[in-house]
Amino acid sequence: MVPLTQVKFYFFASCKQLGNYNVCVALPRSHPLAKRKKLSITDLYNEKLLCVSSGDCLNIDDFRKNMQMFYPQIILEDVGYFYDLDTFNRFEEEGCLLLTLDAWDIIHPSLITLPVDWSYQMPYGLLCQKIPQNKLRNA
């Protein structure tokens, strides 16, 4: 089922996808895994991984389903729709991991963002009129 906010979006706007960001993991600089250059999925076993709530983002919902099915050793926990200051403070205090994007690698000075050996990506783009002008449609 698609959340109501997403249904409204599709009635009034379109999205022009420009590319993809890699889904990564952020962790406190004091975390034992922070010294690595890249994480393997097994590094996440028995770790609490915070991510947006189920039903809030279709791409993350697919990620969550795969993790729950194939990697139940990873503890997924909801943080709500948006990451805010409380999310980052909780994340650092608890010493857990946070699902993030490579574009956010400098979002907080106490965090480090690392790639993981998986192929999950998040599309990004521009919101535009439902029927975009030719310039955007042809871009």
Side-chain angles (χ1 to χ4, degrees):
M1 182 168 179
V2 179
L4 185 58
T5 54
Q6 290 182 359
V7 171
K8 288 180 183 177
F9 165 77
Y10 290 115
F11 284 129
F12 299 108
S14 292
C15 181
K16 174 69 174 173
Q17 184 174 337
L18 298 176
N20 292 295
Y21 289 122
N22 294 313
V23 176
C24 297
V25 170
L27 52 157
R29 291 185 182 277
S30 59
H31 194 284
L33 294 173
K35 294 179 181 13
R36 305 241 179 133
K37 296 274 188 210
K38 186 174 186 176
L39 299 174
S40 70
I41 199 147
T42 58
D43 291 330
L44 308 180
Y45 286 6
N46 301 313
E47 294 283 349
K48 186 189 303 183
L49 179 61
L50 303 178
C51 53
V52 295
S53 298
S54 181
D56 285 341
C57 177
L58 298 176
N59 297 81
I60 299 301
D61 285 352
D62 291 340
F63 169 85
R64 292 171 73 92
K65 286 176 192 168
N66 287 336
M67 290 297 110
Q68 290 167 340
M69 183 179 298
F70 299 111
Y71 305 101
Q73 308 88 332
I74 300 170
I75 306 158
L76 298 177
E77 189 169 314
D78 294 348
V79 296
Y81 185 67
F82 294 108
Y83 295 171
D84 59 13
L85 187 56
D86 290 336
T87 304
F88 291 115
N89 288 338
R90 174 181 165 208
F91 159 71
E92 187 176 16
E93 288 170 11
E94 293 183 16
C96 51
L97 310 179
L98 182 70
L99 196 66
T100 188
L101 303 175
D102 56 355
W104 296 352
D105 65 340
I106 57 171
I107 193 113
H108 192 283
S110 299
L111 308 179
I112 185 166
T113 299
L114 296 175
V116 184
D117 64 356
W118 57 35
S119 58
Y120 294 105
Q121 294 188 322
M122 179 70 69
Y124 69 91
L126 298 172
L127 292 179
C128 58
Q129 298 169 330
K130 184 65 178 172
I131 302 172
Q133 296 176 1
N134 286 339
K135 287 181 185 178
L136 180 61
R137 207 174 320 137
N138 298 330

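As a basis for the values below, the full set of heavy atoms in this structure was taken, side chains included, without hydrogen atoms, waters or symmetry mates.
- Each salt bridge (Lys or Arg N to Asp or Glu O under 4.0 Å) pair with one or both residues in residues 34-46, not counting sequence neighbours, appears once here: Arg36-Asp43.
- Contact of the Tyr71 side chain with the Leu44 side chain is not registered, since no non-hydrogen atoms from C-beta on lie closer than 4.5 Å.
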Leu39 and Leu97: CA distance, side-chain angles, deciding distance, side-chain contact (heavy atoms from CB on, under 4.5 Å) verdict: CA-CA 12 Å; Leu39 299 174; Leu97 310 179; 5.6 Å; no
Show me the donor-acceptor pairs within less than 3.5 Å that the side chains of residues 21-32 make with the rest of the protein, sequence neighbours left out.
{"residue": "Asn22", "atom": "OD1", "partner": "Gln121", "partner atom": "NE2", "Å": "3.0"}
{"residue": "Asn22", "atom": "ND2", "partner": "Asp102", "partner atom": "OD2", "Å": "3.1"}
{"residue": "Arg29", "atom": "NE", "partner": "Pro109", "partner atom": "O", "Å": "3.0"}
{"residue": "Arg29", "atom": "NH2", "partner": "Leu111", "partner atom": "O", "Å": "3.4"}
{"residue": "His31", "atom": "ND1", "partner": "Leu33", "partner atom": "N", "Å": "3.0"}
{"residue": "His31", "atom": "NE2", "partner": "Glu47", "partner atom": "OE1", "Å": "3.3"}

Chi angles and distances behind the side-chain contact (heavy atoms from CB on, under 4.5 Å) call for Trp104, Thr113: CA-CA 8 Å; Trp104 296 352; Thr113 299; 5.7 Å; no
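- Note: the hydrophobic cluster containing Leu18 also contains Met122 (ILVMFWY, side chain heavy atoms under 4.5 Å, direct or indirect links).
- With a 4.5 Å cut-off on side-chain heavy atoms, Phe88 and Ile107 count as touching.
- Summarising the geometry, atom NZ belonging to Lys48 is positioned 14.5 Å from atom CD1 belonging to Ile74; distances are rounded to the nearest 0.5 Å.
- Rounding to the nearest 0.5 Å places CE of Met67 at 10.0 Å from CD of Gln73.
- Between atom OH of residue Tyr83 and atom CG of residue Leu99 there is a gap of 5.0 Å, rounded to the nearest 0.5 Å.
- Atom NE2 in His108 sits 7.0 Å away from atom CG in Leu85 (nearest 0.5 Å).
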side-chain contact (heavy atoms from CB on, under 4.5 Å) between Tyr124 and Leu101, intermediate numbers included: CA-CA 11 Å; Tyr124 69 91; Leu101 303 175; over 6 Å; no
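- Connection of Leu49 to Phe70 is established within a shared hydrophobic cluster, with ILVMFWY side chains joined at heavy-atom distances below 4.5 Å, either directly or through further cluster members.
- Atom OG of residue Ser53 and atom CG of residue Leu76 lie 11.5 Å apart, to the nearest 0.5 angstrom.
- To the nearest 0.5 Å, atoms OG1 (Thr100) and CG (Leu114) are separated by 11.0 Å.
- No more than 12 heavy-atom neighbours from other residues, nucleotides or ligands sit within 6.0 angstrom of CD1 on Ile106.
- For Asn59, the side-chain hydrogen bond (donor to acceptor under 3.5 Å, both in side chains) criterion is met by no residue, not counting sequence neighbours.
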